[in-house]
Amino acid sequence: MVKKILVVCLGNICRSPTGEAVLRHKAKLRGFDLVIDSAGTIAAHAGEGPDSRSVIAGESRGYQFTGIYSRKISVDDFAEFDLILAADKQNLRDLTAICPVDQQHKLALFLSFANGDVAEIPDPYYSGAGGFNKVIDLIEQASDSLLDYLQHTKVQTKSAL
Ligand code: 4NP
């Protein structure tokens, strides 16, 4: 049963905190009883809040970033979480390299749950505001599809039940 979801990118200041905020918001709206967290594959920004450009783009659509601080993924996360969603293929390769063999089935690209033909969430760090809005577009669609999937496969407990 999927109860705990971890979203992972490189720095845990742009894409994965946005994924955490969007998924948490949408899950709550739909009555899902899920724990959502995020992490990075590097520790360069550990302890920092999300990038201000992600916060501006996300808050303009009603998402909240309060209490989210960058952290590097730890080996304990692979046992702790039921589903670990990578923003891009390099993130997935980095996770695959450190994930215990018996937890590898938990790894997936976030956009593997989306309906579109885009496989990866592009790194917006060196882009303008448009890049940050594109990140949210992709994450919103994938989050809706992921929650549909969890609902239809009945692998997740709804708090309303
Ligand atoms: P994120 O974006 O992986 O979506 O959080 C980045 C954040 C920081 C860096 C690169 C990407 N960096 O090179 O420090």
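Residue numbers run from 1 in the order of the sequence given. Indexing begins at 1, ligand by ligand and atom by atom, following the structure's order.
The salt bridge (Lys or Arg N to Asp or Glu O under 4.0 Å) pairs that include a residue from residues 131-151 are K26-D144, R30-D148, R61-D137, R61-E140, where partners are two or more places apart or lie in different chains. For the salt bridge (Lys or Arg N to Asp or Glu O under 4.0 Å) condition, no pair includes a residue of residues 92-108, sequence neighbours left out.
Across every non-hydrogen atom of F113 and S145, the tightest pair is O-CB, 2.6 Å. Taking each heavy atom of L10 and N91 in turn, the nearest pair found is N-ND2, 3.6 Å.
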Between ligand 1 and the protein, tabulate every N or O atom pair separated by less than 3.5 Å, reporting distance only.
unit_1: ligand 1; atom_1: 2 (O); unit_2: D123; atom_2: OD1; d: 3.4
unit_1: ligand 1; atom_1: 3 (O); unit_2: L10; atom_2: N; d: 3.0
unit_1: ligand 1; atom_1: 3 (O); unit_2: G11; atom_2: N; d: 2.9
unit_1: ligand 1; atom_1: 3 (O); unit_2: R15; atom_2: NH2; d: 2.9
unit_1: ligand 1; atom_1: 4 (O); unit_2: R15; atom_2: N; d: 2.9
unit_1: ligand 1; atom_1: 4 (O); unit_2: R15; atom_2: NE; d: 2.7
unit_1: ligand 1; atom_1: 5 (O); unit_2: N12; atom_2: N; d: 3.3
unit_1: ligand 1; atom_1: 5 (O); unit_2: I13; atom_2: N; d: 3.0
unit_1: ligand 1; atom_1: 5 (O); unit_2: C14; atom_2: N; d: 2.9
unit_1: ligand 1; atom_1: 14 (O); unit_2: H45; atom_2: NE2; d: 2.8

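With hydrogens and angles ignored, the 3.5 Å screen pairs no side-chain donor or acceptor of E20 with any backbone N or O of V7.
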Side-chain atoms of residues 121-129: list all donor-acceptor pairs with protein atoms under 3.5 Å, sequence neighbours left out, distances to 0.1 Å.
unit_1: D123; atom_1: OD1; unit_2: Y125; atom_2: N; d: 2.9
unit_1: S127; atom_1: OG; unit_2: P124; atom_2: O; d: 2.7

